[in-house]
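Heavy atoms only: backbone and side chains are in, while hydrogens, waters and symmetry mates are out.
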Amino acid sequence: MDEFDDEGDDVLASVMYNDVYPNPDERSANDVGLKSKVEDLPVYTEVSIPKSFPFPFEPYNIQQNFMNQLYQCLEQGKIGIFESPTGTGKSLSLICGALKWLKDLQEKQRKELEALTTDKGNKENIITNNLDNTEVDWITEFVQKKEKEEQLKKVISEHELLKKQESKTKERRSSQYGHSKKRKKIEDEFDNLIKGASREIQEAYNSEIDKGISDVMEDGNVDGQDEDLIVQDYKSDDERNDEKSDDEEEECHITKIYYCSRTHSQLSQFVREVVKSPYGDNTRVVSLGSRQNLCINETVKKLKSISLINDACLDMQKSKSEKREHTGEAKAKRRKRRLEKCPYYRQEGIGELKEELLLEVKDMEQIVTKGKEMKACPFYGTRHGIPLAEIVALPYNLLLHKATRVACGIKLEGNIVLIDEAHNLLETINNIHSMEVTGSQLLRAHSQLTQYEERYRSRLKAKNLMYIKQILFVLSCLLKIVGGKTGLPGGKQFTGKAETRMCTTNNFLFQANLDNLNLFKILQYCKKSMISRKLNGFAEKYPNAEVTPKEETKVTGNAGVLSFLREITKPEISQGTTPNVSPEVKSVEDVVLRSPLMHIEGFLQALTNADTDGRIVVTKQTMLSQSSMKYLLLNPAIHFSDVLREARSVIVAGGTMQPISEFKDQLFHSAGVHPTRLLEYSCGHVIPEDHLLALSLGSGPSGYKLDFTYQSRESRKLLDELGMLIQNVCQVVPSGVICFFPSYDYLKLVYVHWEETGFIQRIARKKRVFQEPRKSSQVDQVLAEFSSCIKSSSKQDTCGVTGSTGSLTGALLLCVVGGKMSEGINFSDELGRCVIMVGLPYPNINSPELKEKMNYLNANFKAGVDGRQPGQVHYENLCMKAVNQSIGRAIRHKGDYSSILLLDKRYSHKNVSGKLPSWIGKSLQNIDKFGQAMSSLSRFFASKKVSQM
């Protein structure tokens with residue numbers, strides 16, 4: 001239903017997929033061993049909740065209760081589900097409650113450390129004071145002593161880090177001159193580096209290079225060329241040595257809070273709330289982001305592909321000696337230069353930037369500005385600051401994807417995880433770990449790897465050749481599944497009749513003849529050899545190296561990429577009215593230029609999950625380029641269990657968390673969390689009860705039943721009834737009205753009908769009508785015009801509408817559930833005096849993915865007390881979660897007021913109304929006659945007008 005933001009996805013693209021479950025027998029989240037591990041986590045029972053919390057103002061009762069419950073949850077090491085309506089200060093309550101607990105923990109540890117250093121003789125007593133006075137076995141005593149010693153060591157190391165950081169902070173704050181001198185030294189070194197560089201590097205730094213930083217060499221295999229593209233000698237698991245070198249000492253992490261939200265803008269808003277809080281001056285906060293958001297190297301930022309940005313950054317970190325290893329003839333063969341090293345990637349500068357970020361709280365934009373000022377890389381500066389940070393703000397993907405989490409240096413053990421805006425957490429986990437590959441991607445990867453193997457066969461070790469042959473075999477087998485074959489362009493391969501089928505993982509592997517292959521070893525090879533990165537570099541360096549017929553390669557230059565772009569853009573172009581649509585082509589190009597093999601590795605990684613945890617959807621179209629196969633994750637608990645097991649406490653919070661039963665059953669209980677470890681908290685709104693009017697209507701002005709089921713929602717009588725209803729509401733409601741429809745298609749259908757029948761013109765006499773755009777780039781413009789119209793209408797301005805017989809009273813905005821305005825947009829005060837929900841936005845019941853999810857739930861979970869199947873409950877929950885998000889857009893603060901109209905007779909059913917947020921559900925009035933609803937609306941806004949006079 002929701003359109004998820006894709007910010008942070010490039011981090012996923014830059015990390016190889018780790019073998020999360022190396023032993024197939026340990027992959028299921030329902031495994032008894034996993035349950036025991038999760039349940040055996042320490043629970044802290046003695047809780048002393050503080051009487052008051054530092055707060056920027058006198059907290060409301062619900063905020064005080066929220067912080068009390070949060071403190072108790074963190075102290076006891078529990079899993080918390082917190083629901084607090086938007087506008088009740090949820091973010092501020094999370095900040096103050098969690099930081100109060102963290103500061104108390106630090107103070108407790110400080111006192112313990114002082115006691116140890118004051119009286120060293122008491123160390124043995126502290127270690128053994130919890131042992132039974134009775135005679136115990138000497139082995140048990142030894143183990144208990146060892147555990148206590150380890151705990152003490154951790155406390156001591158944390159306090160040493162804290163003390164060191166505090167002294168650095170005092171130093172830097174007391175000596176601005178020294179700080180400025182140090183910064184001047186870094187800037188001088190940077191300037192000298194640029195001045196002493198070659199003319200080519202200076203031109204690159206001044207952003208005069210248009211085609212990236214890759215080396216383009218003449219075709220031909222000259223000894224010494226392409227060393228960076230050759231995979232290194234690979235040793236299998238039983239031969240290689242993974243031991244770390246002695247000088248790779250792991251940095252100690254202090255106890256911290258990991259705060260997660262959907263987008264970078266939401267994270268920046270959270271950081272600004274931290275600054276406003278009483279803890280803003282003495283809390284170390286680090287915000288993590290992707291290279292796309294944090295890179296300040298203009299040459300790298302010009303690369304359109306996220307994958308190319310990641311590869312360019314990693315390539316530029318190599319030492320100069322490695323870059324200059326091959327000279328002479330090979331160097332003379334070069335037609336274009338390569339940037340040898342990023343001037344911003346210097347350890348001294350990054351270390352200084354890290355200290356700056358820990359000294360003062362900064363959001364994402366401020367971090368980038370500071371990085372430019374200090375000429376140091378913000379991407380690595382933020383990551384180096386993780387160990388000493390007290391709060392780490394990061395997007396969902398960095399936390400929920402294990403391989404990415406490990407690569408970023410995020411350690412959850414003993415720390416707190418706060419997941420805000422968690423209403424779509426289940427769907428987010430499913431989306432991150434559900435992988436889809438197309439026939440074009442498979443064909444292109446096979447073509448590239450074939451050319452790679454042919455070009456460098458003589459320079460590859462036998463084991464590398466063996467694994468490359470295995471990968472080629474896997475790709476060819478997957479192509480056969482969707483009816484394709486190697487050696488021909490996808491646009492010329494026809495698979496026959498279109499069909500969609502669903503199968504289990506084991507059946508899919510059997511049908512693809514991959515059941516006898518060890519996918520774990522192949523994935524391990526891909527990870528260690530970085531073959532996908534090598535292949536991506538090869539494809540960029542030799543764009544014409546494609547296995548395609550001559551008639552398909554007439555275009556010079558990047559012929560391979562362009563032909564592939566043409567293949568995969570044909571379906572979109574054929575459906576549109578204009579074949580020359582640049583925005584669509586650009587979006588496709590961004591996807592294409594990522595390494596296809598890396599994307600396919602994600603699909604292969606998904607195939608290593610347990611057979612019961614997912615399904616494969618094979619979609620065959622008439623053309624291979626349009627065919628695809630998708631791994632559909634059905635059990636999100638298997639990828640969230642690590643977070644639950646490692647973290648001391650996990651909090652999921654949101655404005656509308658209903659229905660909570662889904663979180664408990666599908667995410668927590670399935671991951672082995674015992675019910676006693678769960679803590680639930682839900683509060684009402686801060687507004688007075690008379691500031692909300694919630695009505696469900698079963699009929700319209702003429703008495704026609706409001707039935708927006710799929711079978712009857714296109715009825716002309718129903719559309720006319722809806723038009724009359726909206727027209728009447730716009731006569732009564734002042735300022736802004738927001739109306740949500742189930743889909744873009746239905747909104748278009750209704751709007752066209754209203755134009756034909758004159759309803760749009762009649763509504764426009766009182767409210768100027770706006771529609772939610774499909775393109776994200778146009779959202780801000782529409783919102784600005786909508787807001788401007790409402791503000792000007794309050795001054796009796798007609799907003800430039802011609803032909804209106806009277807002054808406008810505001811504007812009407814037609815939106816889509818799950819669209820760009822159903823989440824993250826605040827229609828506070830005059831912008832949203834009434835929110836209308838047209839029908840119930842149930843997802844497509846005929847979707848094979850939804851059907852399989854429902855079947856999985858019916859097979860693995862018990863029916864409810866009312867006898868309804870879990871699959872049916874899930875189907876209803878998807879609808880109601882979308883409704884709850886949409887109708888919560890209006891009331892945003894204590895003094896705000898609004899009305900909510902639910903247009904469908906089904907809203908009177910208990911199984912529907914019972915899933916509304918409690919602060920709305922308790923005020924909901926079921927009205928069957930439209931006249932009564934209009935009377936209630938008139939009295940409601942009349943009373944508000946009087947109270948404001």
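Between the CG atom of Leu412 and the NZ atom of Lys402 there is a distance of 10.0 Å, given to the nearest 0.5 Å. Leu288 contributes atom CG, which lies 9.0 Å from atom CG of Leu267 (distance to the nearest 0.5 angstrom). Between Asn424 atom CG and Arg262 atom CZ the span is 7.0 Å, to the nearest 0.5 Å. Distance check, rounded to the nearest 0.5 Å: CD of Glu365 to OG of Ser265 gives 9.0 Å. Here Leu394 contributes atom CG and His264 contributes atom NE2; the two are 9.0 Å apart, rounded to the nearest 0.5 Å. Remark: Ile429 CD1 to Leu633 CG distance equals 8.5 Å, nearest 0.5 Å.
Under the 4.0 Å criterion applied to side-chain N and carboxylate O atoms, Lys362 and Glu373 are not assigned as salt-bridge partners. With salt bridges taken as basic N to acidic carboxylate O contacts below 4.0 Å, none links Glu601 and Lys527. With respect to the salt-bridge test (charged N to carboxylate O, under 4.0 angstrom), the residues Lys108 and Asp104 do not qualify.
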In sequence, state the C-alpha distance, the side-chain angles, and the governing distance for Arg405 and Asp642, and then conclude on side chain to side chain contact (heavy atoms under 4.5 Å, CB included). CA-CA 11 Å; Arg405 190 167 69 237; Asp642 286 337; 3.7 Å; yes
Full working for side chain to side chain contact (heavy atoms under 4.5 Å, CB included) between Leu102 and Leu99: CA-CA 5 Å; Leu102 184 61; Leu99 282 176; 4.2 Å; yes
Asn293 and Ser290: side-chain hydrogen bond (donor to acceptor under 3.5 Å, both in side chains), yes or no, with the steps? CA-CA 5 Å; Asn293 293 95; Ser290 61; 2.7 Å; yes
Would you sort out whether Asn65 and Tyr681 count as a side chain to side chain contact (heavy atoms under 4.5 Å, CB included), showing the intermediate values? CA-CA 9 Å; Asn65 294 336; Tyr681 176 78; 3.3 Å; yes
Kindly indicate, with the supporting measurements, whether the criterion side chain to side chain contact (heavy atoms under 4.5 Å, CB included) is fulfilled by Tyr259 and Ile651. CA-CA 10 Å; Tyr259 174 87; Ile651 307 296; over 6 Å; no
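Side-chain atoms of Gln366 come within 3.5 Å of backbone atoms of Asp363 as a donor-acceptor pair (strictly under, hydrogens ignored). A donor-acceptor pair under 3.5 Å links the side-chain atoms of Ser641 to the main chain of Ile638, judged by distance alone. Without hydrogens or angle criteria, Ser93 side chain to Met67 main chain gives no donor-acceptor distance under 3.5 Å. Panel note: side chain Tyr344, backbone Met374; no donor-acceptor pair is recorded below 3.5 Å. No donor-acceptor pair under 3.5 Å is formed between the side chain of Arg383 and the backbone N or O of Gly409. Counting only distance, with no hydrogens or angles, the side chain of Ser670 and the backbone of Leu667 share no donor-acceptor pair below 3.5 Å.
No side-chain heavy atom of Phe82 sits under 4.5 Å from any side-chain heavy atom of Leu94. Using a 4.5 Å heavy-atom threshold, the side chains of Thr382 and Ile367 count as touching. At least one side-chain heavy atom of Glu421 sits under 4.5 Å from a side-chain heavy atom of Tyr396. The shortest side-chain heavy-atom distance between Ile419 and Val643 does not fall under the 4.5 Å cut-off. Looking only at side-chain heavy atoms (C-beta outward), Lys111 and Glu107 come within less than 4.5 Å of each other. You'll find the side chain of Pro395 stays beyond 4.5 Å of the side chain of Cys260, heavy atoms only.
Between Glu390 and Gln106, the side chains place a donor N or O and an acceptor N or O closer than 3.5 Å (distance only, hydrogens not considered). Side chains of Arg346 and Tyr380: no donor on one and acceptor on the other come within 3.5 Å.
For the residue pair Ala389 and Lys256, the shortest heavy atom distance occurs at O-CE, 3.0 Å.
A distance of 6.0 Å or more separates the ring centres of His401 and His639.
Using the six-membered ring where Trp is involved, Phe55 and Phe57 have ring planes that are perpendicular, over 60° apart on the 30 and 60° scheme.
For residues 272-297, no pair satisfies ring pair (Phe, Tyr, Trp, His ring centres under 6.0 Å), with sequence neighbours left out.
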